[in-house]
Amino acid sequence: MAETPLRARPALDGYNRTVGAVALAEVSGLALVSAAVPQGGDEAFAAALAEGLGASRPATGDSTAGDRHMARILGMQPDQLFILFESPDPDRPAESVLAALGGAAYVTDQTDSWAMLRIAGAGVRSALERICMLDLADEAFPEGRVARTVMEHLAVIILRDGADSFLLMSPRSSARSFLHAVELSVLNLSE
Amino acid sequence: MIIDHPLLGPRDAQEFAILGDASLIDRPDWQAEDAAKLFHDYLHLRDNPAGEHRELWFHEQGDRSWLVVTRSTLTHEVLKVELARDVAIARGRDR
Amino acid sequence: MSGPFRFDGGPIDRSVSLAFRFDGRSLSGHPGDTLASALLANGVRLVGRSFKYHRPRGVFTAGSEEPSALVELRGGAWREPNTRATVAELFDGLEAFSQNYRGSLRRDLLAVNDLLAPFLSAGFYYKTFMWPKSFWERVYEPVIRASAGLGRLSGEADPDSYDKGFLHCDLLIVGAGPAGLAAALAAGRSGARVILADEDFVMGGRLNAETHEVNGRSGADWAAEAVRELASMNRVRLLPRTTVTGAYDHGVYGALERRTDHLAAANGKPRQVLWRIYSKRAILAAGATERPIAFGGNDRPGVMLAGAVRAYANRFAVGAGQRVGLFTNNDDGWRTAADLARKGVEVAAIIDARDRESVAEVPGARIVMGGRVTATRGRHGLKEVALATGERIGLDCLAVSGGWNPNVHLTCHHGGKPVWRDGIAAFVPGDLPPGMTVAGAAGGAFTTAAALIEGHRAAVEALGELGLPADAGDAPGASDEAANVAPFWHVAESRGRAWLDLQNDVTVKDVVQAHGEGFRSVEHLKRYTTLGMATDQGKTANVGALAIMAEQTGRTIAETGTTMFRPPYTPVPIAAFAGRSRGRDFRPTRLTPSHDWAAERGAVFVEAGAWLRAQWFPRPGETYWRQSVDREVLQTRGSVGICDVTTLGKIDIQGRDAQEFLNRIYANGFATLAVGKVRYGLMLREDGIAYDDGTTARLGENHFVMTTTTVNAVLVFRNMEFARQCLWPGLDVHLISVTEQWAQFAVAGPNSRALLGKIVDPEHDISNEAFPFMACGEVGVCGGAPARLFRISFSGELAYELVVPARYGEALMEALMAAGEEFDAVAYGTEALGVMRIEKGHAAANELNGQTTARMLGMQRMVSKRKDCIGNILSERPEMNREDGLELVGFRPVNRSEELPSGAHFLSIGAEAAMANDEGWMTSVAWSPELGHSIGLGFIRNGHARIGETVRAWDGVRGRDVAVEIVSAHFLDPDGERLRG
C-alpha cells in the first residue's frame with residue numbers, strides 16, 4: 001500500500017495464526033470495488049470488462065480472473081459484481097475501476113467495508129462446517145465459486161480461492177466477532 | 001426449510017427474510033379514482049389459502065434477489081421459485 | 001469367568017480395567033461397557049427409585065429407550081441428572097449416583113408414597129389439590145416437588161461448551177444395524193456421499209446383541225468389517241454416538257453428536273455438536289424396540305426385556321442373573337433362553353403366553369405354555385415369580401418379551417400416522433416425509449435377512465432416484481428367524497400393580513380408570529395418566545397402554561390409533577440448542593472505528609442494536625454521568641465537539657433513475673436537489689406512518705449517498721431493494737450498503753470550521769460562502785487522504801460530518817482531537833448527542849415510534865402531493881390529518897427546578913387522570929445545561945395553537961405529576977442562525 005497521510009488500521013490488525021492443519025490470516029492490501037451494471041448495459045459492460053481488466057463476466061455465484069491488477073471478478077448479484085484487485089491507487093480504488101471500465105458500470109468502493117480473512121489448510125472444511133451452512137464439497141463449491149451467506153449471525157462472502165483455501169469477507173465493524181467465530185471453529189476441532 | 005434459488009440452487013431459508021403475500025408486487029396506481037380504497041385493500045387484505053401460496057422472500061444474506069416462492073401451506077412443499085423482478089416485469093410494472 | 005456375572009468371550013476388552021464409583025462404592029468394568037452393563041457385571045441390581053411411588057428400580061433395557069435406570073453422572077457443575085445408565089459409556093473415574101430418594105437408596109423414606117398408592121392414581125393431583133387456591137403455591141406444590149421428581153440439577157452454569165454444524169449428503173442413513181450397514185455399503189461402494197449415524201458408540205445395532213450370522217460369519221464380526229470398509233471411503237461419513245433427533249422440511253435432519261461424554265474430561269472441546277444435516281434422500285433404519293408384558297410387580301429390579309438380557313450376554317458378556325426365567329408371547333424371546341443356556345447360565349423357567357407346543361427344548365428349564373406370570377417378590381430385586389396356576393419359581397432375573405415395535409418416530413415428524421400391521425402385532429410407518437424410505441425392523445421387517453436386503457435395496461433405489469450410478473453388488477445374506485408373535489399385553493390375573501410406564505409410574509389400572517372416567521382418545525389418555533410423557537416418551541409403554549384402551553373400548557388397536565411422535569427422538573440438552581450463543585457470544589458486537597480510542601479514554605459504552613457506542617467520556621473528578629454529559633454539551637456549544645456517528649446506515653445509490661427513485665422513496669421531493677447538496681428526507685411506510693429519516697447527498701448527476709437511522713439501516717435497505725426490484729423494475733437504479741465503508745464523525749460547534757480548516761487540505765474552500773449549510777463534496781484531509789464532507793447539523797450548531805475510509809477512522813479521530821486542542825475540543829457521546837437534539841427539537845427514535853404521522857412531526861407540508869411515493873395515498877386518511885391531532889412541541893416545567901417525567905401523559909389542569917382525558921405524551925426529556933432546567937419533547941393535541949398553556953405531565957407508573965408549560969420544540973436558536981453561520 002502506498003504512503004498515506006493518515007495511519008491505516010487493518011480490520012484485524014494483521015492477524016495471523018496457524019492451529020493444527022488450519023492457517024488463518026488477515027488479507028490486507030487488496031482493493032474491493034462493486035460494479036453495478038446499468039439496465040440495458042450488459043454488452044457494454046462485458047466489452048469494458050474484457051478491455052479494461054481482461055476478464056469475462058461471471059455468472060452470479062461464480063468468479064473469473066482478469067489479466068490486469070491480479071483482478072478477480074465476483075458475481076454477487078444479478079446486476080452487481082465485486083472486483084477484487086491490487087489497486088494502482090489504494091486510496092481511490094473506485095476511480096481506478098471507473099477508469100478501467102470507462103463508465104460501463106456504477107462503481108462503489110467496498111475495500112473498507114469488509115474484513116478479509118483467508119482460511120487454508122487440510123482441515124479447512126472441517127472447521128468451516130461448524131459455522132458455514134453452505135455445501136463446500138468440490139462438486140458443490142469448486143474453486144472460483146463465491147457466495148454471500150451468514151455465519152454466526154454475520155454476513156460473510158466466501159470465495160474458494162484454492163483447493164484447500166477460502167477467502168472470507170465479513171463486515172468490518174464486527175470483524176473481531178467474526179474472527180472469534182472462525183478461530184473457535186478451528187480450535188473446537190478435536191484433531 | 002430450503003428454497004431452490006433460480007440462480008444459485010438450494011439455499012437454507014436462514015439466509016432469507018420473508019415479507020409476505022406476493023400480491024404486494026401489485027401496488028395500485030396512485031392516481032386512480034379510488035386510490036385510497038385500492039391502497040387500503042393492497043396493504044391490508046390477504047387471502048389465507050390452505051394450499052398453494054405465493055410469498056415474497058428476500059435473499060438478504062445471499063444475492064439480494066427478491067423471490068416469489070410458491071409454497072404449499074399444507075405440506076410445506078416448495079412448488080416454484082421465481083425472481084420477483086421477472087414476475088413484476090411480466091405484470092407490466094416496468095412500464 | 002471374571003466374576004459371578006461376567007462371562008468369558010465377547011467384545012469386552014478385559015486387558016484394561018476401568019475404575020468407577022456408584023453411590024460412592026468403588027467398582028470396576030472394562031472398555032466397551034456401559035454403566036448399566038458394568039453395574040450388572042458387579043451384581044448391582046437396584047439403581048434408583050421411581051418418579052412417583054419411589055419404587056425400587058433396576059436396569060430394564062440395553063438402549064436409549066430405558067425408562068428406569070436413570071442416574072446422575074459426574075459431580076459439581078458437571079453433574080447431569082436423569083442420564084440413562086444403558087447408554088452412558090463407561091470411562092475410568094466415572095462417578096455415578098442413584099437418584100430420587102431420601103435417606104438411602106435401599107431405605108428410601110419416601111417409599112411411603114408406595115403405601116399411599118391407592119390414593120395416588122391417575123388424575124389424583126387434578127382432583128385433590130384444587131382448593132383452597134392459595135394452598136397450591138404455598139403448600140401442595142412444594143410438598144409434591146420435594147417427593148416427586150427425578151435427579152438434581154447442579155444449580156451452576158454448565159461448564160462445558162457446545163457447538164453446532166452443517167453437513168451435506170446424498171444419502172443420510174439413520175441407524176447402523178444390519179439394514180443401515182447394508183444401505184451404507186451399497187451407497188458407499190457406488191460412490192455416493194453418505195452419512196451414517198447411529199446413537200450407539202459401536203455400530204452394528206442388534207448384530208452386536210445377537211448370535212445371528214451374516215455372509216456365513218458372526219453378525220458382530222461382519223458389522224465390524226463393514227464399518228472398517230465404510231471408514232476407508234472418503235465420501236462416507238460415519239457418525240457414531242450421534243442420534244438423529246428430528247426430520248424437518250426438505251430433507252433437513254437434526255442430529256446430536258456426543259463427542260466427549262465418554263471421556264473423563266472434555267479438555268476444552270465441545271461436549272456435544274448439534275448438526276443440521278442436509279440430505280437429498282434418507283433411509284430410516286432405526287430398528288425396533290422391544291415391549292414388555294404388564295403383570296403384577298413387573299417393575300422389580302431383575303425384570304428386564306428379553307432382548308436386553310440377550311444384549312448383555314452376547315455384547316457385554318454379562319449375565320443379568322444367575323437363575324433366569326423367560327416370559328414371552330413370541331419365538332424371538334426364546335433366543336434369550338438359548339443364548340443364556342449356551343453361556344452356561346441356569347435357565348429355570350420359560351413361561352410362554354401362547355397356548356401351543358413348545359418352541360424348543362431348553363435343558364433344565366421348566367416350560368409352561370399358555371402360562372401367565374401374576375406376581376413377583378423380592379424387596380430390592382427379584383427373588384421369585386408366581387404363575388396363574390399358583391406355582392412359584394425362584395428367579396433372580398425374568399426376561400420379558402411382548403414383541404417388538406418398529407422405531408417409526410422419525411416417519412411421524414411431518415404428520416405421518418403409523419398403521420397397525422396384524423402379522424407382527426405392531427405399528428409400522430404410514431405416510432413418510434418426502435425423500436425418506438424405511439428399511440429393516442423400522443419398517444416391520446424383523447429378520448436379519450430381510451433387514452440386509454431392504455437396506456441394500458433402499459440405497460440402490462435412492463441412488464436411482466438421484467440419478468447416481470449404483471454399483472452395489474449383491475445384498476449380504478443371512479437367515480430368516482421366526483418370530484410368530486401372538487398379541488398379549490397384560491396379565492388379567494395379576495396380583496399387585498402391573499406397570500406400563502416405568503418412568504412415570506403408570507399402571508394398567510390407571511388406564512382402566514381413565515377409561516372409566518370417560519377418556520377414549522389416546523391423546524387424552526396420555527395427558528390424563530401422564531403415560532408416555534416422561535423423558536423416554538413411552539418408548540416401551542405406549543403401545544401396551546393403547547392396546548389396553550382398545551380392549552376397554554371394544555375397538556381394535558388400529559381403530560384406537562397412536563399418539564403423535566414429535567422431535568426430538570431422545571432428549572437434547574438445551575445447551576446443545578444454544579450452542580455457542582452464550583454470554584458474550586450470544587450475538588456479535590459491532591465496534592465503531594474510534595472504539596479503541598474511546599475505550600482507552602475510559603468511555604462508558606451503550607448498546608445500540610449490535611453496536612457499542614461511546615455514551616459519555618468521564619474525566620477525572622466526574623463522579624456522576626451528568627457532569628460528563630453537561631460538560632460535553634457546553635463545550636460543544638461553546639467551542640467544538642466531535643462525535644463518532646459511523647453507526648448511521650449509509651447507502652450508495654447510483655443510476656440514471658436514481659433521482660426519480662429517491663423521489664418515490666422519500667415523502668418529500670428530491671427532484672430538485674442539486675449536485676453538491678444535501679437534503680433532509682422523511683420516509684413513510686405505505687400506510688402513511690413515518691418510518692425513518694436521514695439525509696441524502698447528491699455527489700454526482702447519477703450518484704447519491706443516503707443516511708438512515710442506526711436501527712433501521714437493514715430494513716430501509718431491504719425495503720428499497722423491494723421497491724427497486726418489485727415495484728419499479730424499469731428504473732435504472734443500484735444500491736449498495738456503505739455503512740461499513742466509511743468512518744463518519746460529527747464536528748459541531750462555533751469553532752468547527754476553524755478546526756476543520758486545519759484538517760481539510762487547503763485546496764478545498766470550506767468558507768461559509770463556498771461551502772454553505774447543506775453543502776457536500778469530496779475533499780482531501782491531512783495531506784491527501786480521501787474524504788467526504790457534509791455540512792449538516794443534528795446539534796443545531798455550525799456543524800459538519802467528515803467521512804473517511806474506515807481504516808483511517810481511528811487516525812482521523814486522533815487528528816481531529818489534536819487539531820482541536822487549541823479550541824479545547826471535546827469528544828462527546830450519545831448522551832450529549834441526545835441532549836443537543838432535544839434542545840434543537842429534532843425528532844429521533846422516541847418520536848418515530850411507529851405511531852407517528854408527518855403531520856404530528858410538523859412535516860405535513862413536506863409530503864408532496866404532486867408525485868407518487870411510498871405512503872403518500874394512505875397518509876391522506878382523515879384521522880391522520882385531524883386539525884386537533886397530536887403535534888410535536890416542547891415542554892418545560894413551570895417550577896424550573898423540577899425534572900420532567902419521560903413517558904408521562906398530558907392532562908388539562910383539573911382533569912381527572914383517565915384515558916378519556918388523555919391529550920398526548922412526553923416522548924423525550926433531557927437536562928439542558930444551556931438553559932439550566934429540564935426540557936422535554938412530546939405530542940399533545942393541537943399543540944402549536946396551545947403554546948404558552950400550562951398542562952399536567954402525569955406519570956402514574958412513577959407517581960409523578962408535574963405542571964408543564966407548552967413551548968416551541970426549538971429550545972435554542974429557533975431561526976437556525978447558528979447552523980447557517
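To find a chain, count down the sequence lines: A is the first, B the second, and so on, and within it residues start at 1. Keep in mind the model is a prediction, meaning the values are calculated, not measured.
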Open item on the list: Does B:D26 have more than 12 heavy atoms from other residues, nucleotides or ligands lying within 6.0 Å of its CG?
Closed with: yes

Open item on the list: Taking side chain as everything from C-beta outward and backbone as N, CA, C, O, which of these in C:K280 sits under 4.5 Å from a heavy atom of chain B? Side chain, backbone, both or neither.
Closed with: neither

- [ ] Let me know if B:E77 has heavy atoms under 4.5 Å from chain C in its side chain, its backbone, both or neither.
- [x] backbone

Open item on the list: Using every non-hydrogen atom in the two residues, find where C:C726 and B:I25 come nearest and quote the distance to one decimal.
Closed with: O-CG2, 3.7 Å

TODO: Could you tell me which non-hydrogen atom of C:F166 sits nearest to which non-hydrogen atom of B:Q14, and how far apart they are?
DONE: CE2-NE2, 4.4 Å

- [ ] Could you tell me whether C:D868 and B:R27 make a salt bridge, using a distance below 4.0 angstrom between a side-chain N and a carboxylate O?
- [x] yes

Task: Side chain, backbone, both or neither of B:L43 within contact of chain C (heavy atoms, under 4.5 Å) - done: side chain

TODO: Would you give the length of the straight line joining atom CG of C:L874 to atom OH of B:Y42, rounded to the nearest 0.5 angstrom?
DONE: 10.5 Å

- [ ] Can you tell which part of B:V78 gets under 4.5 Å to a heavy atom of chain C, answering side chain, backbone, both or neither?
- [x] both

Open item on the list: Between B:L38 and chain C, with a heavy-atom cut-off of 4.5 Å, which part of the residue counts as in contact: side chain, backbone, both or neither?
Closed with: neither

Task: Shortest non-hydrogen contact from C:F722 toward B:W66 - done: N-NE1, 3.1 Å

Task: C:V714 vs B:E60, side-chain contact (heavy atoms from CB on, under 4.5 Å): CA-CA, chis, key distance, verdict - done: CA-CA 9 Å; C:V714 169; B:E60 188 151 61; 3.5 Å; yes

- [ ] Mark yes when over 12 heavy atoms from residues, nucleotides or ligands other than C:K867 sit less than 6.0 Å from its NZ; otherwise mark no.
- [x] yes

TODO: Using atom types as modelled and distance alone, determine if a side-chain donor or acceptor of C:H250 lies under 3.5 Å from a backbone N or O of B:M1.
DONE: no

Task: Part of C:Y248 within contact of chain B (heavy atom distance under 4.5 Å) - done: neither

Task: Best-contacting candidate, C:D249, C:L735, C:N872, against chain B by heavy atom pairs under 4.5 angstrom - done: C:D249

Open item on the list: Which heavy atom of B:R64 sits nearest to which heavy atom of C:E721, and what is that distance?
Closed with: O-OE1, 4.3 Å

Task: Part of C:I873 within contact of chain B (heavy atom distance under 4.5 Å) - done: side chain

TODO: With a 4.5 angstrom heavy-atom cut-off, could you sort out which part of C:I736 is near chain B: side chain, backbone, both or neither?
DONE: neither

Task: Side chain / backbone / both / neither for B:L83 at chain C, heavy atoms under 4.5 Å - done: neither

Open item on the list: Less than 4.5 Å to any heavy atom of chain B: does that hold for the side chain of C:R276, its backbone, both, or neither?
Closed with: side chain

Task: Interface residues of residues 88-95 of chain B facing chain C - non-hydrogen atoms under 4.5 Å apart - done: B:A88, B:I89, B:R93, B:D94

Task: Region of B:F39 in contact with chain C, defined by heavy-atom distances below 4.5 Å - done: both

